[in-house]
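Everything below concerns the one structure shown next.
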Amino acid sequence: MADDKNKKSPVMDSEIFYPSKEIIENAHIKDYESMYKYSIENREKFWAEQADNLEWFKKWDKVFDASEAPFYKWYTGGKINIVHNAIDRHLKSWRRNKIAIIWEGEPGDVRTLSYHALDREVSRFANILKSMGVVKGNIVTVYMPQIPELAIAMLACAKIGAAHSVVYGGFSIEALAERIKDANSRILITADGGFRRGKATDLKGIANDAMKRSPTIEVCITVKRTGKEVYMESGRDFWFHELMSLPIANPKCDTEVMDAEDLLFLLYSSGTTGQPKGLVHTHGGYAVFTSTTHKFVFDIKDEDRWWCAADPGWITGHSYIVYGPLINGSTIIMYEGAPNHPYPNRWWQMIEKYGINILYTSPTAIRGLMRFGEAWPNRHDLSSLRLLGSVGEPINPEAWRWYHRVIGKGKCPIMDTWWQTETGGFMITPFPVTPLKPGSVTKPFFGNEVAVVDDDGNEMPAGEEGKLVIKSPWPGMARTIYGDSERFREVYWDDYKKQGWYKTGDSARIDEDGYVWVIGRIDDVIKVSGYRLGTAEIESALVSHEQVTEAAAITLPHEIKGNAIHVYVILRDGVTGNPDLVEALKKHVRNEIGPIAVPETVTFADKLPKTRSGKIMRRVLKARALGQDEGDLSTLEE
Ligand code: WT7
């Protein structure tokens, strides 16, 4: 993406979509500009006012503490627990009986949990965890399909002061083992599987293999979802439902009092090296940031039914399926399976059936559903929809227009939210009242100042591409990389140390109206179907295959996935490439990382273009594959 440097976005400054009078009249934020100005001029005051919407066991002493920059702290001295805000406080009002979660499994089974019922389940499981010796500060690894127990497990950990590390259910053996090891987890929570496109996935099988590589795990708790037969090791493995039927699974459990800066969760994300980074998020600032952004950007009202169709295994699910919406007392929709199973109308059916008001999804899902044509959505009554959202990668204007016209019937503004695992929540995003330009993430959220700059930090003229930076700290920001603070400083803060700016790793342009247009990643991080992967992770997986000595991974544009992975491999001496080996390598990557990392093509090569210092020049491979100019080759080794 960053390779098409000199091409201006064809849609920049073209059509503008204005919100209706009705949308503006009902919006929480009617005048973005003045509120924005206020939030920048009174940043700490603004964030103190937002924090006042939550319940604190003890108020903070200081809103913001920069004494150990770039390891910023928020609400220091404050005592809180995010679960107290996401569940406990709702039990004191009429929301006790409000539906918290409407969940639908892929086979069509349905479960609903009121806030009262959610509290009981979370408390019961929290008591089980305690009986297993889980204490404040422990990190529990969670590897599950999208079922209510996933949210219950996360909330139960947080309730008793333990942290969770959720590993996306699409990841495989090595990826899971690596994350368990980094977090030093004693406990793993998983399921026998989940349903995806009519088939049962083999989560427990993968978990069993990962545990062979993870000596720290002492206890594994498995939810029975598919009923598929799985291997259970006595003394280590316990069934969730059996534990939950013990007297110890008492539905009353005190919520632990936490410091605002105490660890809430780790979430691993890809960077430029093969080793994923465990980003650290904390109770106080994250609770304030996710709930505030969710409420203002999606105009959340008590009567809304909110559907974030992401997987809880990614930050989108943490912030906007579980924490932000529950803190706001919303009714959330969860769906287990694939959008096109059994037919491509599955999502539209869901919207009609549950009267969903807001749908938040990714460009890749929209493109995937667009492919089946508008007859599928047109069969359903989608009139309950009021707002739409997009996240994960730049949305191409064509998909934007389809989403707006066919799904939103031309009346639902699209909130194209830019953010990252590191930011915890929305950073650049429209509000319902913002005039929209398809493909632009529009303007910064409150309290946030961004710029597009060159390597020295000079702002680029309007319309020119540069590096996207964030100029000042915000409450939802990751506090560090677990166990590697040096890397945190180096990756995000060293490039613009003088200015104290956060480097996002994205390139972007800002147009004359101050609208931000994100172009894509500039580092070796890639986005495939909106999922974030490192080229280095894919390359290490390939090199771990016995026939491979070297590998390079690049992405090329793909109609549905946005980007698709293509790899080049050098084989061991004496081995020759053939179609069977291509299949074997794809399977190997699937086993090590997961289906999302499987390359589209595998090309056998004798040599890879490298710099004199030995770095693979992926840019050259990409230019060649696209038949483009290879650019500056002066550092290329002969
Ligand atoms: C990267 C972060 C945060 C939720 C999911 C992704 C890209 C994210 C947008 C958007 C253009 C976007 C960026 C960013 N990205 N949202 N609306 N428009 N690009 O979190 O996996 O940490 O990935 O996703 O490149 O750096 P993540």
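Heavy-atom basis, side chains included; hydrogens, waters and symmetry copies ignored. What you are looking at is a predicted structure, and each value in this text was computed from that prediction instead of being measured.
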Judged by atom type as modelled, is there a donor-acceptor pair below 3.5 Å linking the side chain of His558 to the main-chain atoms of Ile560? yes

With heavy-atom distances below 4.5 Å as the criterion, would you say the side chains of Tyr482 and Ile139 are in contact? yes

Other residues, nucleotides and ligands only: do more than 12 of their heavy atoms fall within 6.0 Å of CD on Glu242? yes

Once rounded to the nearest 0.5 Å, what's the spacing between atom CD1 of Ile616 and atom CD of Glu539? 5.0 Å

When you measure from the side chain of Glu261 to the backbone of Trp74, do you find a donor-acceptor pair of N or O atoms at a distance under 3.5 Å? yes

Under a 4.0 Å threshold between the charged nitrogen and the carboxylate oxygen, would Arg225 count as salt-bridged to Asp109? yes

The side chain to side chain donor-acceptor pair (under 3.5 Å) partner of Tyr492 among Lys503, Arg487, Glu422 is Glu422

If you count the non-hydrogen atoms of other residues, nucleotides and ligands that lie under 6.0 Å from CD in Glu233, is the total more than 12? yes

Does the side chain of Val598 come within less than 4.5 Å of Ile565's, by heavy atoms? no

Taken to the nearest 0.5 Å, the spacing of Leu129 CG from Ile160 CD1 works out to 5.0 Å

Pair Arg346 + Glu106: basic N to acidic O under 4.0 Å: no

Testing Tyr268, Phe289, Phe265 for ring-ring contact (aromatic ring centres under 6.0 Å, His included) with His318, which one passes? Phe265

Search all heavy atoms of Tyr335 against all heavy atoms of Gly105 and return the closest pair with its distance. CE1-O, 4.1 Å

Side chains of Tyr531 and Glu393: any donor to acceptor distance under 3.5 Å? no

Salt-bridge criterion met for Asp484 and Lys277 (N-O under 4.0 Å): no

Could you tell me whether Lys136 atom NZ has more than 12 heavy atoms of other residues or ligands within 6.0 Å of it? yes

Would you say the side-chain atoms of Thr423 pair up with the backbone N or O of Gln420, donor to acceptor, closer than 3.5 Å? yes

Using distance alone, with no hydrogens and no angle criterion, decide if Lys159 and Thr255 have a side-chain donor and acceptor under 3.5 Å apart. yes

Within the structure provided, determine whether Cys220 and Thr190 are in side-chain contact (heavy-atom separation under 4.5 Å). yes

Sort out for me which residue in Tyr360, Trp348, Trp347 forms a ring-ring contact (aromatic ring centres under 6.0 Å, His included) with Trp307. Trp347

Would you please test Tyr502 and Trp474 for side-chain contact (heavy atoms from CB on, under 4.5 Å) and show each step? CA-CA 11 Å; Tyr502 167 88; Trp474 63 101; 4.0 Å; yes

Side chains of Arg236 and Asn208: do they bring a donor and an acceptor to under 3.5 Å? yes

May I ask you to say whether Arg179 pairs ionically with Asp182, meaning some side-chain N is under 4.0 Å from a carboxylate O? no

Let me confirm one number: the CG-OG1 distance from Asp192 to Thr226, rounded to the nearest 0.5 Å. 3.5 Å

Thr504 and Ile470: side-chain contact (heavy atoms from CB on, under 4.5 Å), yes or no, with the steps? CA-CA 7 Å; Thr504 66; Ile470 295 168; 3.9 Å; yes

Ignoring hydrogens and angles, tell me if any N or O in the side chain of Asn357 forms a donor-acceptor pair with the backbone of Arg305 under 3.5 Å. yes

Could you tell me whether the side chains of Thr480 and Ser485 share a donor-acceptor contact shorter than 3.5 Å? yes

Return yes if some donor-acceptor pair links the side-chain N/O of Asn563 with the main-chain N/O of Lys527 below 3.5 Å, else return no. yes

Go through it in stages, so that I can follow the logic: the residues are Met211 and Asp237, the test is side-chain contact (heavy atoms from CB on, under 4.5 Å), and I'd like the CA-CA distance, side-chain angles, deciding distance and then a yes or no. CA-CA 11 Å; Met211 280 190 281; Asp237 285 335; 4.1 Å; yes

Residue pair His341 / Phe195, side-chain heavy-atom distance below 4.5 Å: no

Counterpart residues, side chain to side chain contact (heavy atoms under 4.5 Å, CB included), relative to Ser269 (two or more places apart): Leu279, Thr421, Arg532

Indicate yes or no: does Glu592 engage Arg213 in a salt bridge with an N to O separation below 4.0 Å. yes

Over 60° means perpendicular and under 30° means parallel, so tell me whether His241 and Trp239 are parallel, tilted or perpendicular. tilted

Taking C-beta and beyond as the side chain, do Thr282 and Asp262 meet within less than 4.5 Å on heavy atoms? no

Enter the distance from Arg590:CZ to His588:NE2 here, rounded to the nearest 0.5 Å. 13.5 Å

Who pairs with Ser165 by side chain to side chain donor-acceptor pair (under 3.5 Å), at least two apart in sequence or on another chain? none

Assess the side chains of Thr141 and Ser185: does a donor N or O sit below 3.5 Å from an acceptor N or O? yes

Verify, without hydrogens or angle tests, whether Thr316 (side chain) and Ala310 (backbone) share a donor-acceptor contact under 3.5 angstrom. no

Salt bridge (Lys or Arg N to Asp or Glu O under 4.0 Å) between Glu256 and Lys130, intermediate numbers included: CA-CA 12 Å; Glu256 191 75 31; Lys130 276 188 177 173; 5.7 Å; no

Can a salt bridge be assigned to the pair Lys181 and Glu178 using a cut-off of 4.0 Å between side-chain N and carboxylate O? no

Between Arg186 and Glu218 (salt bridge meaning N to carboxylate O under 4.0 Å), is one present in this structure? yes

Between the CG atom in Asn184 and the OG1 atom in Thr216, the distance rounded to the nearest 0.5 Å is 5.5 Å

For Leu542 and His545, what are the C-alpha separation, side-chain angles and deciding distance, and is it a side-chain contact (heavy atoms from CB on, under 4.5 Å)? CA-CA 5 Å; Leu542 286 162; His545 188 277; 5.9 Å; no

Taking the side chain as everything from C-beta on, heavy atoms only, tell me whether Ile519 gets closer than 4.5 Å to Asp506. no

Counting only N and O atoms by type, is there a donor-acceptor contact under 3.5 Å from the side chain of Arg196 to the main-chain atoms of Gly194? no

Please answer whether the main-chain N or O of Val135 pairs with a side-chain N or O of Asn138 as donor and acceptor at a distance below 3.5 Å. yes

Say you draw a straight line from CG of Asn448 to CZ of Phe445; how long is it, rounded to the nearest 0.5 Å? 9.0 Å

Across all chains, not counting sequence neighbours, the side chain to side chain donor-acceptor pair (under 3.5 Å) partners of His294 are Asn328

Check each of Gln146, Gln349, Lys353 against Glu104 using the side chain to side chain donor-acceptor pair (under 3.5 Å) test, and report the only one that passes. Lys353

What I want to check is whether the side chains of Thr601 and His566 have a donor and an acceptor closer together than 3.5 Å. yes

A side-chain contact here means heavy atoms from C-beta on lying under 4.5 Å apart; do Ile358 and Asp304 qualify? yes

Say whether Ser319 and Tyr286, considering side chains only, have a donor N or O and an acceptor N or O under 3.5 Å apart. yes

Determine whether a donor-acceptor pair (N or O, by modelled atom type, separation under 3.5 Å) exists between the side chain of Trp419 and the backbone of Gly424. no

Treating Tyr403 as the side-chain partner and Gly389 as the backbone partner, does any N or O pair qualify as donor plus acceptor under 3.5 Å? yes

Within a strict 4.5 Å, meaning less than it, do heavy atoms of the Leu326 and Leu155 side chains meet? yes

